[in-house]
Every structure is written in structure tokens, then in C-alpha cells.
Engineer: 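Okay, handing you the structure first.
Along the sequence shown, residues are numbered consecutively beginning with 1. When a ligand or atom number is given, it counts from 1 through the structure's own listing order.
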Amino acid sequence: MVVSGIQPSGTLHLGNYFGAIRQHIELHDKHPSYYFIVNYHALTSLHDRAALRSYSLDVALDYLALGFNPKLSSLFLQSDVPQVTELAWIFATLTPVSQLEKAVAFKDKVAQGLSANAGLFTYPILQAADILVYGGTLVPVGADQKQNIEITRDTASKFNNTFCSDDAPLFPIPDPLILDSVSVVPGIDGRKMSKSYGNTIGIFDEGAALKKKVMGIVTDSKGLDEPKDPDSCNVFALIKLFADDATRDRIAEAYRSGGYGYGHAKKELLGMIDDHFGEARERRRDLATRPDYVIDVLREGAKAAGLRAEEYMHRVRDVTGLITTGSVTSESTQH
Ligand code: ADP
């Protein structure tokens, strides 16, 4: 079972697309997968009702528009399967604080200006629950997320060792599926593209708004006639993501020989973005007129996922001794 979360904490951008989403779409029809929109995670950095609601539904629209087929894999909202937070609590009681203190992702996010709340600190625990509550075995992630999957693997082992006999472990130990993604997609200011930096180009930006962003990509100040270095240029770094080999080589050559300005490169990039996402934009416009269909997709996805999660949680409550009045009889309490 392949499982992966997508955070609805902002508008999805080209960094997310080339770093993760494109690979999710490629994978979802080869392996039966659960893709969930992690709105509990988004609450660690977003306390705005209207924004959280609209970003959550936007992620669903974006994935469906980009080619996610809900007949082949499931797409659903994390909050439709609340068992995940129950499991996260149980995992929290097994997780050493020192392990969380070493998490690089937490330090990075705080350095980017996010508030260091306990939810952000314990994020890897909820992530472990996200994966293990469905018995996930394979987790597609960018290289930046590898450490969090290590925490999930440790958590699964620790739970099994603590509560299960050696021959009947409850949780499989999942493996990361490190995505063959580009290392870092630069934003329009040349830093890593990230919603925290306000330097993103949205996947579904178009028209004047898209043009303004592309034309605003930071370059050096070399004049039209001067030879330029494609490898240190932010515009070329983005062109490389879209262009086929021949186009990429032609443009690199034009950079080196001079007579080709950054304005030319930006125009070519704009055309490539329009071509690449043209059909997806059409589909997204259509989907936006059918919100009931989108909700149905999410509801159906959650149904299957919820059943699977409850099966795991039933066993988890049993082996940990978490009785509920619905699960015990006077006879069974004597043991
Ligand atoms: P943001 O930095 O905008 O908050 P996220 O942390 O939500 O983005 O990113 C989700 C995933 O998208 C990351 O795990 C990574 O795989 C991918 N990703 C995000 N930004 C980039 C980028 N600039 N370059 C490459 N991949 C990225």
C-alpha cells in the first residue's frame, strides 16, 4: 500500500509539482495508493478557517485536474479519518523527545519563521500515524523527507516490540520511495521556491498574473548581446524542467553565444508553462463548476480508508489495553 500526504497550507506551486505531485500522478495508476490532504498538519501553520477550507478543496481540484484518477487510487481528507489523531496520541507516548529534537524539518520550519508550536514539533508523530493507520508499506517522498520516514519506521518497530509478540507484529515497517525529483526548484527571487518565501509560481497561475511573475524572475544584469551562463540562471533552471532535450540544448547554446536576452528566455518559459498546463487548466475550470463531484470523490476515498483505519485501530486498542465500554464485557475485564 502506497500512502502519501499533501499539505493544504497554500497554493500548490511549481516546486511542489516537480518535487512531488508529478511523481504522485505517475505512481497512482501503477500502485493502489492512498493520497490524503493533510489538513490536521496544515493547522500547525495555518489558523484561518476560510483559507484552510479553500486550500483543502483546491488540492483536490488540482490533483484531479492534473490527471489523478479516483477509480485507480483514493484521494481523501485527513480529517475524514480521525482515527489518525487517536493513533498519533498513542505513538506520542512511545516517542522520545530527543528524537523529535533532532528533526531537521522542524528546525528548518522554525528558521523560516513558523511558530514553534507543539503540533509542529510533534509533526513526525502524526506523520507516522498517517502512514501506519493504513498499514502503509511504501511512502513516496522527496529526499528532504527521508528523516521523517526513519521516525515512522522506528515508531512502528517500537510499537510492535512493546505490544506485540515477535511472530505477530501489528504494523509493517514502511520503506521510503525516494522520488526521482529535481533537487530544488528555484523561486522567482532565486531562493528555493516555497510558499513561506512568497516567491512561488502557482501551478494554475495563468494570464497576466503568470506573466508578471515570470517577467519578474531575478537574473543578472547582462545586456542582450552579451554571452550568458545558462547554468547559473534562474530562468534557465525553470526552462530545463519543461523543455525536451533538443529545446534545452538550443536555448543553452543561445545563452552562450549572446544576442539572446533574458526577456527572450522568459517569453519561451511562459510559452512552455502555458503548453504544459493548458489541458489541466481546462479540466480544473470544468471541475470548479462541479463541486459536488469533487466532494463525492473525497467521500468515496475516505470510506475505504476509514474502514481500513478502524481495522488497525481496533487491534491497536486491543493490544495496548485501551478498553472502551463498547469493547469489554464483565467476563473480559477479569483478565
Ligand atoms: P513549501 O516549501 O512551499 O511549504 P512543502 O514543504 O509543503 O512546500 O512541500 C511539499 C513537497 O513539495 C516537499 O516535500 C518537496 O518534495 C516538494 N517541494 C516543495 N518545494 C520544492 C522546491 N522548491 N523544489 C523541489 N521540491 C519542492
Engineer: Do any nitrogen or oxygen atoms of Val185 come within less than 3.5 Å of a nitrogen or oxygen of ligand 1?
Structural biologist: yes

Engineer: For the pair Phe106 and Phe121, name the ring-plane relationship: parallel under 30°, tilted 30 to 60°, perpendicular over 60°.
Structural biologist: perpendicular

Engineer: Is there a side-chain contact (heavy atoms from CB on, under 4.5 Å) between Tyr312 and Leu132? Walk through the geometry before answering.
Structural biologist: CA-CA 9 Å; Tyr312 268 95; Leu132 298 173; over 6 Å; no

Engineer: Using a 4.0 Å cutoff against the non-hydrogen atoms of Met193, which atoms of ligand 1 qualify?
Structural biologist: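 So the atoms of ligand 1 that pass are 20 (N), 21 (C), 22 (C), 23 (N).
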
Engineer: Going by ring-ring contact (aromatic ring centres under 6.0 Å, His included), Phe171 matches just one of Phe163, Tyr134, Phe159. Which one?
Structural biologist: Phe159

Engineer: Should Arg250 and Asp244 count as an ion pair when the cut-off is N to O under 4.0 Å?
Structural biologist: no

Engineer: Within less than 4.0 angstrom of ligand 1, does Gln112 place any heavy atom?
Structural biologist: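 It does not; every heavy atom stays at 4.0 Å or beyond.
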
Engineer: I'd like to check which ligand 1 atoms, numbered from 1 as shown, lie under 4.0 Å from a non-hydrogen atom of Lys192.
Structural biologist: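 Numbered from 1, ligand 1 contributes 20 (N), 21 (C), 22 (C), 23 (N).
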
Engineer: Is the Lys NZ or Arg CZ of Lys109 less than 6.0 Å from the centre of Tyr123's six-membered ring, within 45° of the axis?
Structural biologist: yes

Engineer: Determine, considering heavy atoms only, which of Asn16, Leu241, Asn199, Thr200 sits nearest to atom 5 (P) of ligand 1.
Structural biologist: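 Looking at heavy atoms only, Asn16 sits closest to atom 5 (P) of ligand 1.
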
Engineer: In ligand 1, which numbered atoms sit nearer than 4.0 Å to a non-hydrogen atom of Lys195?
Structural biologist: 1 (P), 3 (O), 4 (O), 5 (P), 7 (O), 8 (O)

Engineer: Just go through Gly15, Ala105, Ser45 and tell me whose heavy atom is the nearest to atom 27 (C) of ligand 1.
Structural biologist: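 Closest candidate by heavy-atom distance is Gly15.
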
Engineer: Would you mind listing which atoms of ligand 1 come within a distance below 4.0 Å of any non-hydrogen atom of Val184?
Structural biologist: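 Close to Val184: 24 (N).
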
Engineer: Describe, in one word, how the ring planes of Tyr34 and Phe76 are oriented to each other, choosing from parallel (under 30°), tilted (30 to 60°) and perpendicular (over 60°).
Structural biologist: perpendicular

